[in-house]
Trainee: 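My questions all concern the structure below.
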Amino acid sequence: MILKGVLSDRDAWSAVGRCSIEKAVEIVGTRTALLVMREAYYGTTRFDDFAERVGMTRAATASRLAALVDAGLLEQRDYQEPGQRTRKEYVITESGRDLVPVVWALFQWGGKHSPSPTPLELTHHDCGATVDVEVRCAEGHLVGLDDVELRIARRERPVPSGGSDA
């Protein structure tokens, strides 16, 4: 990776406390957060099902679901079984859907570097081909680590001195 502009002098700036990776990890950087999201992608919506499928206590499940709702990855919706009280279910938001490539990349990496006894693969429903996560530029070119430049984004809000959104 190539650091560009003011970022090229690594001693002149720090991303601590301002890095988008750091901020993302604060939200989804725990084992249970990613596993709850995995279950949501698999179609789980009910509290008890999350607790059972992830192997968490009720207290841990409540805490993790609340954090993911607060972060905007899941939203609560009311549902009611006939003759039962109204309860909450957890549904993926647009922000939660935007996390899918990250989770799929972890799935792909884990399958390659830490295979399980029951290997699974992601496949395209329409044609059956395996699904691979790739990094591409906005022009569609496949991009590797050595092909990436890190620079301050061109946007209206300037990054304050002494940090970056790296």
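This structure is a prediction, so every number in the text was calculated from the model and none was measured.
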Trainee: If hydrophobic clusters are built from ILVMFWY residues whose side chains come within less than 4.5 Å, do Val102 and Val28 share one?
Mentor: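 Yes, Val102 and Val28 fall within the same hydrophobic cluster.
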Trainee: If you measure from OG1 on Thr130 to CG on Leu122, what distance do you get to the nearest 0.5 Å?
Mentor: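 If I round to the nearest 0.5 Å, the distance is 9.0 Å.
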Trainee: Using the test salt bridge (charged side-chain N to carboxylate O under 4.0 Å, His left out), find all partners of Arg97 that sit at least two apart in sequence or belong to another chain.
Mentor: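 Scan of Arg97 (salt bridge (charged side-chain N to carboxylate O under 4.0 Å, His left out), adjacent residues dropped) gives none.
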Trainee: Val103 versus Val100: any side-chain heavy-atom pair under 4.5 Å?
Mentor: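 Side-chain contact under 4.5 Å: no.
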Trainee: What pairs of donor and acceptor atoms, side-chain ones from residues 79-95 against any protein atom, are under 3.5 angstrom apart with sequence neighbours left out?
Mentor:
from, atom 1, to, atom 2, distance (Å)
Gln80, NE2, Gln84, O, 2.6
Glu81, OE2, Arg46, NH1, 3.0
Lys88, NZ, Asp78, OD1, 2.6
Tyr90, OH, Gln76, NE2, 3.1
Thr93, OG1, Gly72, O, 2.4
Thr93, OG1, Leu73, O, 3.1
Thr93, OG1, Ser95, N, 3.3
Thr93, OG1, Gly96, N, 3.1

Trainee: Tell me every residue that passes side chain to side chain contact (heavy atoms under 4.5 Å, CB included) with Thr44, counting only those two or more places apart in sequence or in another chain.
Mentor: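 With neighbours one apart ignored, the set is Glu39, Asp49, Phe50, Arg53.
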Trainee: Where the side chain of Asp147 meets the backbone of Gly144, is there a donor-acceptor pair that is under 3.5 Å apart?
Mentor: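 Side chain of Asp147 to backbone of Gly144: a pair is present.
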Trainee: In this structure, would Leu106 and Tyr41 fall into the same cluster of hydrophobic residues linked by side-chain contacts under 4.5 Å?
Mentor: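 Yes, Leu106 and Tyr41 fall within the same hydrophobic cluster.
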Trainee: For Glu149, which residues count as a side-chain hydrogen bond (donor to acceptor under 3.5 Å, both in side chains) partner, sequence neighbours excluded?
Mentor: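 Listed in chain order: nothing, the list is empty.
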Trainee: The criterion is side chain to side chain contact (heavy atoms under 4.5 Å, CB included); which residues satisfy it with Leu35, sequence neighbours excluded?
Mentor: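 Only Arg31, Arg38, Val54 meet the side chain to side chain contact (heavy atoms under 4.5 Å, CB included) criterion with Leu35.
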Trainee: Holding to side chain to side chain contact (heavy atoms under 4.5 Å, CB included), I want the full list of residues that pass it with Asp70, two or more places apart in sequence or in another chain.
Mentor: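 Partners of Asp70 by the side chain to side chain contact (heavy atoms under 4.5 Å, CB included) criterion come out as none, since no residue qualifies.
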Trainee: When you look at Met1 and Asp146, which way does the side-chain contact (heavy atoms from CB on, under 4.5 Å) test go after all the steps?
Mentor: CA-CA 5 Å; Met1 179 174 285; Asp146 294 336; over 6 Å; no
Trainee: Would you say that Ile2 contacts Leu150 through its side chain, given a criterion of any heavy-atom pair below 4.5 Å between the two side chains?
Mentor: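 Sidechains of Leu150 and Ile2: no contact.
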Trainee: Heavy-atom distance under 4.5 Å between the side chains of Val36 and Leu65, does that happen here?
Mentor: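 Yes - at least one pair of side-chain heavy atoms lies under 4.5 Å apart.
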Trainee: Which heavy-atom pair separates Leu7 from Ile152 by the least distance, and what is that distance?
Mentor: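 In terms of heavy atoms, the two residues are closest at CD1-N, 3.8 Å.
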Trainee: Same hydrophobic cluster for Leu145 and Leu3, using side-chain heavy-atom links shorter than 4.5 Å among ILVMFWY?
Mentor: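 They do share one cluster, since a chain of ILVMFWY contacts under 4.5 Å joins Leu145 to Leu3.
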Trainee: Is it the case that one hydrophobic cluster holds both Leu142 and Val148, taking links as side-chain heavy atoms less than 4.5 Å apart, direct or via other members?
Mentor: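 Leu142 does not cluster with Val148.
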Trainee: Under the salt bridge (Lys or Arg N to Asp or Glu O under 4.0 Å) definition, can you give me all pairs with a residue in residues 129-138, not counting sequence neighbours?
Mentor: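 As it turns out, the salt bridge (Lys or Arg N to Asp or Glu O under 4.0 Å) pairs with a partner in residues 129-138, which skip direct neighbours, are Glu134-Arg136.
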Trainee: Salt bridge (charged side-chain N to carboxylate O under 4.0 Å, His left out) with Arg58: which residues, sequence neighbours excluded?
Mentor: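 Arg58 satisfies salt bridge (charged side-chain N to carboxylate O under 4.0 Å, His left out) with Asp48 only.
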Trainee: Using every non-hydrogen atom in the two residues, find where Val143 and His141 come nearest and quote the distance to one decimal.
Mentor: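 Looking at all heavy atoms of both residues, the shortest contact is CG2-O, 3.3 Å.
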Trainee: With no hydrogens and no angle check, is any side-chain donor or acceptor of Ser8 less than 3.5 Å from a backbone partner on Lys4?
Mentor: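 Checking the backbone N and O of Lys4 against the side chain of Ser8, no donor-acceptor pair under 3.5 Å is found.
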Trainee: What residues form a side chain to side chain contact (heavy atoms under 4.5 Å, CB included) with His113, not counting sequence neighbours?
Mentor: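 Testing His113 for side chain to side chain contact (heavy atoms under 4.5 Å, CB included), a comparison that skips the adjacent residues, returns Trp109.
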Trainee: If you compare all heavy atoms of Ile27 against all heavy atoms of Ala71, which two are closest, and at what distance to 0.1 Å?
Mentor: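 Nearest heavy atoms, Ile27 then Ala71: CG2-CB, 3.4 Å.
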